[in-house]
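Heads up, the thing below is written out as structure tokens.
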Amino acid sequence: MSDFPINPLVLVGVGSSFAFSGLFYHLYQEKKEEIRKLKEIPLFRPDQLLVKLLNASPHKRLQYVAVEGLVQADGEPLASQFVPRSFAVIQKITVEEHWKYWNSISRTWNSRKMNRTETNNSVPFSLVCPGAYVSDLYVKVQNPLEASGCYLERVYHRVRRAEEGLVDLVVQGLSGEKPMAREESEELLRVGTTVTGFGEVVLEGGQVMRLQAPRDSRRYILAPTDYRSFMDSHESSAKMWKVLTAVCGVTGASLLGGVIYSLVGKQDDRSK
């Protein structure tokens, strides 16, 4: 090796490329397996077909299915506090203060967030079949706040800068702290949003269908999109991991090939 010195950075590049390629391939395989399991889940809409299947099922229950429909409040919806004529069934309002405090050791002002308050409001809601604004068939969504998934849309965000007066400056100088800003945001699950829910569906009273958390270990999910778009997002993620696997693998192979070519060329030169 002393006769044929190799740049250590090249060896690091080769090892890192193959390591990342292996990691991305593992993530790609995991995503492929997740997509395979998702495709096995039956998809329904809140219609007569779902009612018939529930009536024919043991205990009038489907253990794990996907239900796609439009959000409809069972009663009075929630009104947005910041956006006029915007109504929702789930509302999350977050208020947080940004402060700076004096660090006497480094003699600098450092920032931190404090006094965070979060308010969650919800009203009972159901999923109805698209196009059926008045319908006796719907799927009630039970305990939606327990479901996973980024189903809330941020409709308002504002950062209000703190105003400083003479008295405030004196107090800040004594306390070593000063307010910088107040951040407010509002997130909603709006009425009329297309949602795909994954969970257990049960039939009560012959007509009332309810989506709830499954009894087994599978996740209770609410996705703020239609089923096709939900699957497309997962397939795009799998494609991304596949491309990264190929890019890192080709990069590592190219670097390794360059090292081998360089060593063979120097060996030929010495033999001559």
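Being a predicted model, the structure only gives us computed values, none of them experimental.
- Within 6.0 Å of CD on E183 lie more than 12 heavy atoms contributed by other residues, nucleotides or ligands.
- Cluster annotation: L152 and L188 are assigned to distinct hydrophobic clusters (Ile/Leu/Val/Met/Phe/Trp/Tyr, side-chain heavy-atom contacts under 4.5 Å, transitive).
- Residues that satisfy the side-chain hydrogen bond (donor to acceptor under 3.5 Å, both in side chains) test with R218, not counting sequence neighbours, are D216.
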Verdict with reasoning, D226 to T194, per side-chain hydrogen bond (donor to acceptor under 3.5 Å, both in side chains): CA-CA 6 Å; D226 60 88; T194 299; over 6 Å; no

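- Of the possible polar contacts, one joining the S17 side chain to the G13 backbone as a donor-acceptor pair under 3.5 Å is found.
- Ion pairing of E40 with K37 is absent here, as no side-chain N (NZ or NE/NH1/NH2) approaches a carboxylate O to less than 4.0 Å.
- Note on K92 versus E186: no salt bridge recorded, every NZ/NE/NH1/NH2 to OD/OE distance being 4.0 Å or above.
- Comment: E184 engages R182 in a salt bridge, judged by a side-chain N to carboxylate O separation of less than 4.0 angstrom.
- A salt bridge links E153 with R190; the closest basic N to acidic carboxylate O contact falls under 4.0 Å.
- In this structure, D232 contributes its side chain and E235 its backbone to no donor-acceptor pair below 3.5 Å.
- F198 and I35 fall within the same hydrophobic cluster, where Ile, Leu, Val, Met, Phe, Trp and Tyr residues are linked whenever their side-chain heavy atoms come under 4.5 Å apart, directly or through other members.
- Side-chain atoms of S21 come within 3.5 Å of backbone N or O of T245 as a donor-acceptor pair.
- Criterion: ILVMFWY side-chain heavy atoms under 4.5 Å apart, direct or through other members. Under it, M209 and V89 are part of a common hydrophobic cluster.
- Judged by distance alone, with hydrogens and angles left aside, the side-chain atoms of Y64 form a donor-acceptor pair with the main-chain N or O of R219 at under 3.5 Å.
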